[in-house]
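Just follow the structure's listing: the first ligand is 1, and inside any ligand the first atom is 1.
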Amino acid sequence: MQSSDRVIVVGGGPVGYTAALLLAQQGIPFVLLEAGHVVFDEPRAGTVHPPTLELYASIGAIDRFLDRGFKVHNYQYYDRKQGLVADFDLGVLSELTPFPYRLMLEQHKICYIMQEMLAEFDNVDIRLDHELLEVSQTADGVIATVQTNDGIVTIDGSYIIGCDGGRSKVRKSMDVEFDGFTYPERFLILSTTYDFGQHGYAFTNYIADPEEWFALFKVPGADGSGLWRVVSPVDPNLPEEEIFADDAVQARIQRFRPRDTDYDIVHRNIYNVHQRVFGSYRDGRILLAGDAAHINNPLGGMGLNFGVHDVFNLIPRLISVLQGEAGEEVLDLYDRQRRTVAQEYLQRQTIENKNNIELQDPAEREA
Ligand SMILES: Cc1cc2nc3c(=O)[nH]c(=O)nc-3n(C[C@H](O)[C@H](O)[C@H](O)COP(=O)(O)OP(=O)(O)OC[C@H]3O[C@@H](n4cnc5c(N)ncnc54)[C@H](O)[C@@H]3O)c2cc1C
């Protein structure tokens, strides 16, 4: 292959790095363009589901995942006023999967694992501080216009995969609707070293309430000793300085579980929540995967997992096209399959998860 035959992957998040490793493992030249200087390590996704673990096992990554993550063997559903409602044992999946648990592992650590595995290959071309500005297509390739520290450059390739997240510039180069909606409220994540496990909480918990629901997760944290994340909805009219004020975050977490002393809050962040699926994952030689293609609320921890499944579906198809074994119609199948499951399952399930945790009607809540 010539240099212009390389695949351009845009975005060094978990989906982009996974795509890069899948290409490297099959000897396909690629360049990964990442706008940032380092892997973004703010608290975001942290749940890896069994089918995703199976995919990572298929590429030899599973030991690294299991070494660094926390296994969640059960998760709990609470009513905030009545207490524990259901305790789901994931062990019932043991005849269906070798990984009958969720693995809590922060998404930036997935990037680190992919980086470590990529380091074992020659000709890995990862360019940090390379922000894609726009993409154009020719008859037999794509041209990316990229901002670097030394100015604007163009980079050519055979295909481009936009794994550049919710604000994807690759997506914006396609003239298609990003259908869906944005919730009025934002979600606040508070991270604390306080051990909620001593009160009987599982590593994953959903605490339903019509006024102020909470979700509680335990992730490994920077040193692997464990950090609890408390997620809750925030009034859209409150300014950020009020939301982040020390007394406000203490009051919020005390409302969740009162105690005599302050909580040790080591991190706080807030984000907008959307439910959208892009109208097409393919426009000629431009392809989309991950949050660039679909975004959803985090209840159920599904967004990241879906993105990983996207590239496991896409990359073998793309390789078969590059190697002349299949026509481009297999890329349309990628679009049809992955967009359909995003519309019919990912969106439906995550919207339902959010509805369930904030149900107003007592009869529905009881059911
Ligand atoms: C604050 C927050 C909290 C979340 N919490 C959860 C959660 O608890 N559970 C869950 O399942 N999901 C959660 N999500 C969603 C989850 O993080 C995403 O589904 C996941 O990150 C998708 O991975 P990705 O690789 O597609 O995109 P991203 O992780 O967004 O990665 C995109 C990468 O592309 C780079 N990039 C962007 N634009 C360009 C450009 N023009 N040129 C080059 N590089 C570019 C970015 O720097 C970034 O590294 C959360 C999202 C946010 C924003």
Side-chain angles (χ1 to χ4, degrees), residues 8-20 31-49 52 102-111 114-115 126-135 144-148 152-153 155 160-173 182 186-191 204 206 215-219 229-232 234 267-276 278 281 288-311 314 338 342 346 349-350 353-354:
I8 304 174
V9 178
V10 186
V15 175
Y17 269 115
T18 302
V31 54
L32 185 148
L33 308 176
E34 164 55 42
H37 188 61
V38 290
V39 171
F40 185 72
D41 65 357
E42 288 276 299
R44 293 179 66 184
T47 303
V48 190
H49 290 293
T52 311
R102 292 173 167 199
L103 194 78
M104 301 310 289
L105 182 67
E106 299 95 326
Q107 68 175 56
H108 60 274
K109 295 180 185 167
I110 298 179
C111 297
M114 298 297 106
Q115 285 179 328
I126 294 174
R127 303 189 196 180
L128 305 177
D129 296 317
H130 277 58
E131 182 190 358
L132 179 102
L133 300 177
E134 59 181 31
V135 193
T145 305
V146 180
Q147 178 74 56
T148 73
I152 292 177
V153 299
I155 295 173
I160 191 164
I161 311 175
C163 305
D164 48 341
R167 295 185 180 157
S168 169
K169 288 215 172 115
V170 178
R171 185 183 68 229
K172 286 174 187 156
S173 73
T182 298
R186 288 170 293 167
F187 286 12
L188 176 70
I189 308 178
L190 301 175
S191 303
T204 297
Y206 301 100
L216 176 69
F217 308 96
K218 187 176 185 184
V219 295
R229 287 186 188 168
V230 183
V231 183
S232 58
V234 176
H267 203 278
R268 47 195 96 177
N269 68 326
I270 192 166
Y271 58 100
N272 294 316
V273 187
H274 317 268
Q275 298 286 161
R276 294 180 193 276
F278 197 51
Y281 290 10
L288 295 179
D291 271 24
H294 46 76
I295 42 180
N296 56 274
N297 82 68
L299 297 172
M302 295 169 74
L304 161 68
N305 287 268
F306 253 72
V308 170
H309 285 248
D310 289 344
V311 289
L314 171 61
R338 294 306 301 164
L346 176 65
Q349 187 62 54
T350 52
N353 289 347
K354 183 166 180 299

Quick one: does ligand 1 sit under 4.0 Å from the side chain of Asp164, the backbone, both or neither, non-hydrogen atoms only?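 It is both parts that get close, each with some atom under 4.0 Å.
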
Considering non-hydrogen atoms of the protein only, which is the closest contact for [atom], and what is the distance?
atom: atom 10 (C) of ligand 1; value: Ala45 CB, 3.4 Å
atom: atom 41 (N) of ligand 1; value: Leu132 O, 3.0 Å
atom: atom 47 (O) of ligand 1; value: Glu34 OE2, 2.7 Å
atom: atom 43 (C) of ligand 1; value: Ala35 N, 3.2 Å
atom: atom 24 (P) of ligand 1; value: Val15 CG2, 3.7 Å

Can you list the atoms of ligand 1 that are under 4.0 Å from a heavy atom of [X]?
X: His130; answer: 42 (N), 43 (C)
X: Val10; answer: 42 (N), 43 (C)
X: Met302; answer: 11 (O)
X: Gly303; answer: 11 (O), 19 (O)
X: Gly290; answer: 26 (O)
X: Gln107; answer: 16 (C), 17 (O), 20 (C), 21 (O), 29 (O)

Which option wins on minimum heavy-atom distance to [atom]: [options]?
atom: atom 32 (C) of ligand 1; options: Ala292, Ser168, Cys163; result: Cys163
atom: atom 23 (O) of ligand 1; options: Pro14, Ala19, Ala144, Gly11; result: Pro14
atom: atom 7 (C) of ligand 1; options: Cys111, Gly307, Pro298, Gly300; result: Pro298
atom: atom 27 (O) of ligand 1; options: Gly13, Gly165, Gly166, Ala215; result: Gly165

Partners passing side-chain contact (heavy atoms from CB on, under 4.5 Å) against Ser168 (at least two apart in sequence or in another chain):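 For Ser168, the residues satisfying side-chain contact (heavy atoms from CB on, under 4.5 Å) (neighbours in sequence not counted) are Asp164, Val170, Arg171, Leu288, Ala292.
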
Regarding ligand 1, does Ala289 bring an N or O atom to under 3.5 Å of one of the ligand's N or O atoms?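 It does not: no N or O of Ala289 is found under 3.5 Å from an N or O of ligand 1.
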
If we count only N and O atoms by modelled type, under 3.5 Å, do the side chains of His274 and Thr182 hold a donor and an acceptor together?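 Indeed, the side chains of His274 and Thr182 share at least one donor-acceptor pair under 3.5 Å.
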
Glu134: salt bridge (Lys or Arg N to Asp or Glu O under 4.0 Å) partners, not counting sequence neighbours: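 None.
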
